[in-house]
Trainee: 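Starting off with a structure, shown below.
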Protein chains: 2
Amino acid sequence: MIELDPIDRKILAALQADGRMSNLEVAELVGLSPTPCSRRIKRLEESGVIQGYAARINPLALGLSICVVVSVRLAKQTPDAASQFLSAIEDRPEITECLLVTGSVDYLLRVWVKDIEALRQFISEALQAIPCVAETSTMVILDTTKSNGLSTVDTARTGPR
Amino acid sequence: MIELDPIDRKILAALQADGRMSNLEVAELVGLSPTPCSRRIKRLEESGVIQGYAARINPLALGLSICVVVSVRLAKQTPDAASQFLSAIEDRPEITECLLVTGSVDYLLRVWVKDIEALRQFISEALQAIPCVAETSTMVILDTTKSNGLSTVDTARTGPR
DNA sequence: GTTGAAACTTATTAAAC
DNA sequence: GTTTAATAAGTTTCAAC
């Protein structure tokens with residue numbers, strides 16, 4: 001694990017808030033001159049603390065107006081069932097996140113759809129069509145606080161057919 | 001809603017994958033010359049499709065090795081209870097996301113902690129100390145597929161005291 | 001750690017097609 | 001939409017302190 005001093009943390013906070021901030025701006029913000037600031041940023045990138053940069057895209061602007069969390073319980077927790085489930089998941093662009101969790105369910109999925117019909121279709125045709133899926137429960141997200149606003153969206157999906 | 005053609009979508013995909021890609025690189029990738037590409041990117045930014053840019057930070061590198069999803073049920077769903085809960089949530093830096101959802105629970109929280117002891121402490125001292133919280137259930141995230149890798153982490157939290 | 005300077009790359013704008 | 005050219009700005013590297 002790399003050691004981070006308070007200045008490194010300030011740099012991370014700055015680049016987390018604005019990933020396109022120039023080295024000069026970051027340097028001024030954290031109270032360094034550009035040269036050592038640039039060195040620190042490069043060190044943070046090369047050590048993997050900063051994994052990369054991304055545009056934050058607004059799913060609503062792509063016509064995806066509904067976001068849900070779906071909990072999934074598999075019929076059995078065998079490696080075969082898991083890999084069958086995951087490969088089925090892989091092909092669905094509306095799933096932006098898939099978490100394997102402990103507890104009474106096995107997976108949590110984050111799913112973006114454009115309307116209720118698309119949601120119905122996703123649940124019945126995509127999810128419940130997977131043989132090893134025993135039970136699903138859909139929670140519609142009504143509001144988001146403390147969001148990072150960072151949803152990776154499949155931009156190819158909502159376009160002209 | 002802004003109209004997006006296939007080239008716009010390619011631009012979004014490119015900047016989602018690498019938010020620091022230069023206009024020249026994006027232009028070449030999508031098959032445009034730099035001038036119109038720059039205009040499109042600016043249009044996407046100004047229309048809110050691109051909300052901003054962010055560094056992707058690896059929470060593990062900050063010493064946060066455990067991520068959990070906590071479902072929370074409130075004793076009653078009154079506006080008072082909700083605002084009491086949300087203001088208590090606001091102060092906790094380990095909570096990186098808070099979703100209001102439909103279904104058998106009221107909120108889903110995403111929480112990063114450095115170890116099990118910090119998790120225990122968070123649940124007992126932070127969460128269950130909120131008066132209106134009736135029930136919580138913690139799911140430890142064992143694996144993440146299809147992650148966007150974009151967790152906004154409070155970089156000030158794990159540093160020297 | 002700091003400053004300053006040079007070489008290189010990029011962004012932006014304007015003009016012409 | 002394209003190309004070209006000019007200006008402005010940022011990055012990187014080097015030296016010296």
Side-chain angles (χ1 to χ4, degrees), chain A residues 1-58 61-63 149-150 152 155-156 158-161, chain B residues 1-58 61-63 149-150 152 155-156 158-161:
Chain A
M1 182 104 59
I2 191 178
E3 277 302 314
L4 302 176
D5 68 12
I7 294 181
D8 288 319
R9 293 170 193 282
K10 273 190 170 181
I11 292 174
L12 292 175
L15 289 175
Q16 203 165 236
D18 179 3
R20 284 207 144 176
M21 198 176 279
S22 75
N23 179 50
L24 277 68
E25 291 175 288
V26 177
E28 191 187 8
L29 204 65
V30 305
L32 277 183
S33 61
T35 309
C37 184
S38 168
R39 270 202 300 266
R40 281 169 181 265
I41 293 173
K42 181 169 283 182
R43 172 172 163 265
L44 291 169
E45 288 169 348
E46 288 173 350
S47 65
V49 177
I50 295 176
Q51 296 181 302
Y53 300 87
R56 297 200 317 249
I57 291 178
N58 180 6
L62 292 171
L150 296 170
T152 303
T155 58
T158 55
R161 319 274 153 198
Chain B
M1 181 106 58
I2 190 177
E3 277 301 314
L4 302 177
D5 68 12
I7 294 181
D8 288 319
R9 293 169 192 283
K10 273 190 171 181
I11 291 174
L12 291 176
L15 289 175
Q16 202 164 238
D18 179 3
R20 285 206 142 176
M21 197 176 279
S22 75
N23 179 51
L24 277 68
E25 291 175 288
V26 177
E28 191 187 9
L29 204 64
V30 304
L32 277 184
S33 60
T35 308
C37 184
S38 168
R39 270 202 301 267
R40 280 169 181 264
I41 292 173
K42 181 169 282 184
R43 172 172 163 266
L44 291 169
E45 288 169 348
E46 287 173 351
S47 65
V49 178
I50 295 176
Q51 296 180 302
Y53 300 88
R56 295 199 318 248
I57 291 177
N58 180 5
L62 293 171
L150 297 173
T152 302
T155 58
T158 53
R161 320 273 152 201

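Values below: every heavy atom of this structure, side chains too, minus hydrogens, waters and symmetry copies. Computed from a prediction, not measured in an experiment: that's the story for all the values here.
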Trainee: List in numerical order all residues of residues 34-43 of chain A for which some heavy atom is under 4.0 Å away from an atom belonging to DNA chain D.
Mentor: S38(A), K42(A)
Trainee: Between dG1(D), dT3(D), dT3(C), which one does the side chain of S33(B) approach most closely?
Mentor: dT3(D)
Trainee: Are the side chains of R43(A) and I2(A) in contact, using a 4.5 Å heavy-atom criterion?
Mentor: yes
Trainee: Rounded to the Å, how far apart are L24(A) CG and dT10(C) C1'?
Mentor: 14 Å
Trainee: Whole angstrom is fine here: how far is it from CD in E28(A) over to P in dT11(D)?
Mentor: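 That distance rounds to 13 Å.
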Trainee: If only atom types and distance count, is the side chain of N58(A) paired as donor or acceptor with the main-chain N or O of Q51(B) below 3.5 Å?
Mentor: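 No: the side chain of N58(A) does not pair with the backbone of Q51(B).
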Trainee: Check whether any side-chain heavy atom of N23(A) sits under 4.5 Å from a side-chain heavy atom of K42(A), and report yes or no.
Mentor: no
Trainee: Between L32(B) and R39(B), is the side chain to side chain contact (heavy atoms under 4.5 Å, CB included) condition met? List the steps.
Mentor: CA-CA 11 Å; L32(B) 277 184; R39(B) 270 202 301 267; over 6 Å; no
Trainee: Which residue lies toward the 5' end of DNA chain C, E25(B) or I7(A), if each is placed at its nearest nucleotide?
Mentor: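 Counting from the 5' end, the first nearest nucleotide belongs to I7(A).
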Trainee: Mind calculating the distance between CZ (R20(B)) and P (dA11(C)) to the nearest angstrom?
Mentor: 12 Å
Trainee: Please lay out, stage by stage, how V49(B) and D8(B) fare under the test side chain to side chain contact (heavy atoms under 4.5 Å, CB included).
Mentor: CA-CA 10 Å; V49(B) 178; D8(B) 288 319; over 6 Å; no
Trainee: In whole angstroms, how far is the P atom of dG1(C) from the CG atom of D5(A)?
Mentor: 7 Å
Trainee: Rounded off to whole Å, could you give me the OH-to-P distance for the Y53(B) and dA11(C) pair?
Mentor: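 Going from OH in Y53(B) over to P in dA11(C) covers 11 Å.
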Trainee: CG of N23(B) versus C1' of dT11(D): gap in Å, rounded?
Mentor: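 Atom-to-atom, N23(B) to dT11(D), this comes out as 17 Å.
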Trainee: Given L4(B) and L44(B), is the side chain to side chain contact (heavy atoms under 4.5 Å, CB included) satisfied, shown in steps?
Mentor: CA-CA 9 Å; L4(B) 302 177; L44(B) 291 169; 3.6 Å; yes
